[in-house]
Amino acid sequence: MPEETGAGVLNFLRHNRGRFLSGEELSRRLKVSRSAVWKEMENLRVLGYEIEAKPHEGYRLIGIPDKMFGDEIACGLKTRWLGRRNLFAYQTLDSTNDAAARLGEESLEEGACVFAEFQKKGRGRLGRVWTAPRGENILFSTLLRPKLTPAEASKVTLMAAVSAVKAVRDMTGVVLGIKWPNDVVYRGKKVCGILTEMSAELDRVRYVVLGIGINVNSSSRHLPPGAVSLKEICGRRLCRLELAGQILNRLEEDYTLLKEGRFEELVHEWENFSVLSGKRVTVNLLERKVQGVVSGVDKEGALWIRADNGLQERVLSGDVQILRQSDG
Ligand code: BTN
């Protein structure tokens with residue numbers, strides 16, 4: 001966008017949404033020529049903004065594109081600091097987590113957010129790949145600097161799952177489930193994945209990169225097996241900008257609880273959304289498998305399982321599969 005004039009024209013149109021603004025008024029208030037205003041309208045249209053032009057009345061904004069432009073994401077924020085100072089939006093990145101980690105290394109303050117329309121090397125947990133077609137879903141990472149020990153960093157993942165479920169519920173009425181530790185699911189299919197990575201010293205986290213991928217408007221046939229999008233769940237396309245704003249708003253609220261030492265409140269919410277409570281599961285740990293019934297999550301975010309051998313197992317990380325009754 002031709003920076004000064006473009007942003008200026010768009011801001012005027014936004015603030016006067018629904019009202020016509022004459023070319024003359026715009027050129028006077030922005031101190032640019034009328035042809036510069038006209039040119040900017042064309043540029044904005046090319047970007048996907050719907051602008052109505054009427055002779056003798058002027059221009060008015062009637063629609064914004066559902067593209068993850070930084071300015072548009074920022075418009076939906078009610079946060080105080082998350083995404084406020086540093087919000088970067090790219091067309092293509094290798095991985096938003098890598099980009100946010102670079103910001104962490106550059107000592108940027110917490111709250112920086114990096115969005116991308118497409119990732120060439122999007123990744124998930126346990127070395128998996130995260131794929132998402134260009135321009136249909138939400139892919140972003142946030143830089144946080146929580147005062148936690150490395151062992152406590154998984155709290156951030158649990159918190160983010162709760163935030164994502166509440167944001168989707170507020171916007172669509174659909175209540176998704178959480179499958180410990182980081183999957184947000186609908187009827188067993190994955191809607192959202194969370195990848196928390198950190199840089200830490202032995203006893204303190206330097207920074208955490210919280211990466212979130214949400215299947216918003218893709219068709220299942222363009223997603224990996226076992227995944228589903230909100231569009232398919234709700235039967236309509238959703239505004240990604242609005243959802244991104246809601247998620248950041250919720251994340252800031254929930255992270256504030258975490259910082260205030262009120263993680264237990266998040267655990268309580270988490271348990272209400274959990275699809276694992278009381279279920280028979282198998283957990284693949286690094287060197288062994290645990291099979292049993294899930295009894296809950298503790299205040300560190302670890303999963304507790306009443307194992308078939310009668311022991312209570314505490315699991316801090318691993319891959320959980322829900323067993324059907326017949327799987328014994
Ligand atoms: C998982 O389910 O294993 C986690 C998936 C996390 C995907 C997101 S998309 C944005 C961010 N960038 C990445 O490379 N990964 C995360």
Side-chain angles (χ1 to χ4, degrees), residues 68 70 73 82-83 87-105 112-144 153-165 167-168 176-186 188-199 207-218 220 222-230 240-241 243-244 247-248 251 270 273-276 283-284 301 303 316-322:
M68 303 303 280
I73 300 168
L82 187 60
L87 193 152
F88 306 95
Y90 296 90
Q91 282 305 307
T92 306
L93 279 178
D94 278 351
S95 156
T96 56
N97 266 35
D98 291 342
R102 283 193 291 274
L103 302 178
E105 294 299 329
C113 293
V114 181
F115 283 79
E117 288 285 26
F118 182 72
Q119 298 183 121
K120 289 191 281 184
K121 294 183 187 157
R123 61 175 179 275
R125 276 176 71 235
L126 308 170
R128 294 183 189 129
V129 171
W130 182 265
T131 48
R134 177 182 294 279
E136 295 181 349
N137 298 332
I138 295 179
L139 308 164
F140 78 99
S141 303
T142 260
L143 174 69
L144 299 172
S154 56
K155 288 181 176 180
V156 176
T157 310
L158 261 66
M159 171 206 79
V162 169
S163 306
V165 170
V168 170
L176 302 172
I178 304 177
K179 179 168 167 273
W180 186 92
N182 72 330
D183 288 355
V184 177
V185 297
Y186 182 77
K189 293 196 164 174
K190 188 148 163 172
V191 181
C192 162
I194 299 164
L195 178 66
T196 309
E197 295 176 312
M198 67 175 153
S199 160
Y207 63 82
V208 162
V209 169
L210 171 64
I212 302 187
I214 308 176
N215 301 327
V216 185
N217 286 326
S218 285
S220 286
H222 296 137
L223 293 172
V228 67
S229 71
L230 292 171
R240 292 183 299 151
L241 288 167
L243 182 57
I247 291 179
L248 292 186
L251 276 176
W270 187 93
F273 297 135
S274 168
V275 296
L276 291 184
V283 190
N284 293 311
L303 189 72
L316 256 173
S317 70
D319 217 18
V320 182
Q321 273 145 29
I322 302 180

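Keep in mind the model is a prediction, meaning the values are calculated, not measured. First listed ligand is number 1; within each ligand, the first listed atom is number 1. Side-chain atoms are counted along with the backbone in the values below, which use heavy atoms only and exclude waters and symmetry mates.
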Legend entry - Distance-minimising heavy-atom pair for V275 and G177: CG1-CA, 3.7 Å
Inset, instruction - Number the atoms of ligand 1 from 1 as they appear, then name those within less than 4.0 Å of a heavy atom of G213, with their elements. - result: 8 (C), 9 (S)
Inset, instruction - For residues M198 and V208, report the shortest heavy-atom separation together with the two atoms involved. - result: CB-CG2, 4.1 Å
Inset, instruction - Record the part of I212 in heavy-atom contact with ligand 1 below 4.0 Å; permitted values are side chain, backbone, both and neither. - result: backbone
Inset, instruction - Looking only at distances, please establish whether an N/O atom of ligand 1 is found under 3.5 Å from an N/O atom of T96. - result: yes
Legend entry - Spacing of T92 atom OG1 and K120 atom NZ [to the nearest 0.5 Å]: 7.0 Å
Legend entry - Nearest neighbour in protein (non-hydrogen) for atom 5 (C) of ligand 1: W130 CE3, 3.4 Å
Inset, instruction - Could you list the atoms of ligand 1 found under 4.0 angstrom from a heavy atom of G122? - result: 14 (O)
Inset, instruction - Can you pull out the closest protein heavy atom to atom 3 (O) of ligand 1? Residue, atom name and distance to 0.1 Å, please. - result: R125 N, 2.6 Å
Inset, instruction - Go through ligand 1 atom by atom and flag the ones less than 4.0 Å from a non-hydrogen atom of G124. - result: 1 (C), 3 (O), 4 (C), 5 (C)
Legend entry - Value rounded to 0.5 Å, distance of OG1 in T96 from NZ in K121: 14.0 Å
Inset, instruction - For ligand 1, note which part of Q119 has a heavy atom under 4.0 Å away: side chain, backbone, both or neither. - result: side chain
Inset, instruction - Please round to the nearest 0.5 Å and tell me the distance separating atom CG of L248 and atom CG of L243. - result: 9.5 Å
Legend entry - Where ligand 1 meets N182 - atom numbers and elements under 4.0 angstrom, heavy-atom basis: 1 (C), 2 (O), 3 (O), 4 (C)
Inset, instruction - Using a 4.5 Å cut-off on heavy atoms from C-beta on, say whether the side chain of V184 contacts that of V168. - result: no
Legend entry - Rounded distance (nearest 0.5 Å) linking atom NZ of K189 with atom OG of S229: 10.5 Å
Inset, instruction - Hey, could you give me the CG/NZ distance between L223 and K190, rounded to the nearest 0.5 Å? - result: 12.0 Å
Inset, instruction - With heavy atoms of F140 as the reference, note each atom of ligand 1 found under 4.0 Å away. - result: 10 (C)
Legend entry - Numbering as shown, the atoms of ligand 1 that approach S95 to under 4.0 Å (heavy-atom distance): 12 (N), 13 (C), 14 (O)
Legend entry - Nitrogen or oxygen of R123 less than 3.5 angstrom from that of ligand 1: yes
Inset, instruction - Return the residue, atom name and 0.1 Å-rounded distance of the protein heavy atom closest to atom 2 (O) of ligand 1. - result: K190 NZ, 2.5 Å
Inset, instruction - Identify the two heavy atoms, one from L210 and one from T196, that lie closest to each other, and give their separation to 0.1 Å. - result: CD1-OG1, 3.8 Å
